[in-house]
Amino acid sequence: MKKFMFLLLAVVAASTFTKADPPQKVNLSYLEGKLTVDARHRVLNPNTHYIDQIVVKVNGQEVQKVKLDKQTSKSSQVSTLDLPNLKTGDKVEVAVRCNEFGEKKGKLVIN
């Protein structure tokens, strides 16, 4: 019975992880007070499988959180956020989260 339960658990876990598709990369750019977040996340249907949250931290402090209900395309979520007060040397970290599984971070130091 123990072997059967272990096998069943292994099959369920494997099927869950094969469906999992976390974001692959987060590209950041900053120009004229606007932070562009390009979260690479390939999906079949951006209305049901998408980046659902973007969290922006500047110098370790959370400054903005964006909730989303669909992705801008099948290949990525691109969002432009107003952050007019960033200055040279500020460290920006952005975390994006998939509504099904996984999170990915990107970093940028303002020049």
Side-chain angles (χ1 to χ4, degrees):
M1 184 68 175
K2 286 182 182 180
K3 287 182 182 181
F4 175 75
M5 291 303 289
F6 178 75
L7 180 61
L8 181 63
L9 182 62
V11 169
V12 170
S15 66
T16 300
F17 288 118
T18 57
K19 186 177 189 272
D21 184 22
Q24 292 87 31
K25 186 169 184 169
V26 179
N27 297 310
L28 305 175
S29 61
Y30 184 74
L31 183 63
E32 298 178 359
K34 297 191 183 295
L35 177 69
T36 300
V37 179
D38 181 2
R40 310 305 291 166
H41 183 238
R42 291 200 176 279
V43 298
L44 293 176
N45 184 343
N47 292 313
T48 59
H49 182 185
Y50 53 90
I51 299 297
D52 71 343
Q53 180 175 276
I54 300 171
V55 177
V56 181
K57 291 182 179 181
V58 177
N59 299 323
Q61 299 292 321
E62 185 177 313
V63 296
Q64 196 165 6
K65 184 184 284 189
V66 179
K67 300 276 188 171
L68 304 165
D69 59 5
K70 64 183 175 181
Q71 191 165 295
T72 52
S73 74
K74 289 183 176 184
S75 61
S76 67
Q77 169 63 43
V78 178
S79 298
T80 301
L81 310 173
D82 287 324
L83 291 171
N85 299 324
L86 297 184
K87 55 192 176 305
T88 301
D90 280 347
K91 295 174 184 161
V92 179
E93 181 179 87
V94 175
V96 300
R97 183 181 71 189
C98 171
N99 72 320
E100 290 187 2
F101 174 79
E103 181 179 283
K104 189 74 173 178
K105 293 180 181 177
K107 295 180 181 181
L108 174 71
V109 177
I110 303 301
N111 292 326

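Below, each value reflects all heavy atoms present in this structure, side chains not excepted, and no hydrogens, waters or symmetry copies. Nothing fancy with the numbering, it's 1 onward along the sequence. Predicted, not measured: the structure shown is a model, and the values here were computed from it.
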task = Indicate yes or no: does D69 engage K67 in a salt bridge with an N to O separation below 4.0 Å.
result = no

ask   = What's the spacing between E100 CD and D21 CG if we round to 0.5 Å?
value = 8.0 Å

key: Side-chain donor/acceptor of D82 to backbone N/O of K34, under 3.5 Å   = no

message = Show me the pairs that pass salt bridge (Lys or Arg N to Asp or Glu O under 4.0 Å) and involve residues 43-56, at least two apart or across chains.
response = D52-R97

key: side chain to side chain donor-acceptor pair (under 3.5 Å) partner of Q71, chosen from R42, Q77, H41   = H41

ask   = Near N111 CG, under 6.0 Å, is it more than 12 heavy atoms from other residues, nucleotides or ligands?
value = no

key: Heavy-atom closest pair, residues P22 and G102   = CB-CA, 3.8 Å

task = Check which hydrophobic residues are tied to L35 through side-chain heavy-atom contacts below 4.5 Å, counting indirect links as well, and list them.
result = V26, L28, Y30, V37, I51, I54, V56, V58, V63, V66, L68, L81, L83, L86, V92, V94, V96, L108, I110

ask   = Is a side-chain donor or acceptor of N59 paired with a backbone partner of D90 at a separation under 3.5 angstrom?
value = no

ask   = Can you tell me if E62 uses its side chain to pair, donor with acceptor, with the backbone of K57 under 3.5 Å?
value = no

task = Begin from the C-alpha positions of V109 and K107 and carry the test side-chain contact (heavy atoms from CB on, under 4.5 Å) through to its verdict.
result = CA-CA 7 Å; V109 177; K107 295 180 181 181; over 6 Å; no

query = Taking side chain as C-beta onward, heavy atoms only, is K70 less than 4.5 Å from P46?
reply = no

request  = Look only at the side chain of T72 and the backbone of V78, and say whether a donor-acceptor pair between them is shorter than 3.5 Å.
outcome  = yes

task = Mind checking the CD-NZ spacing from Q24 to K104? Nearest 0.5 Å is all I need.
result = 9.0 Å

request  = Could you grab the distance from atom CG of D38 to atom NZ of K25, nearest 0.5 Å is fine?
outcome  = 10.0 Å

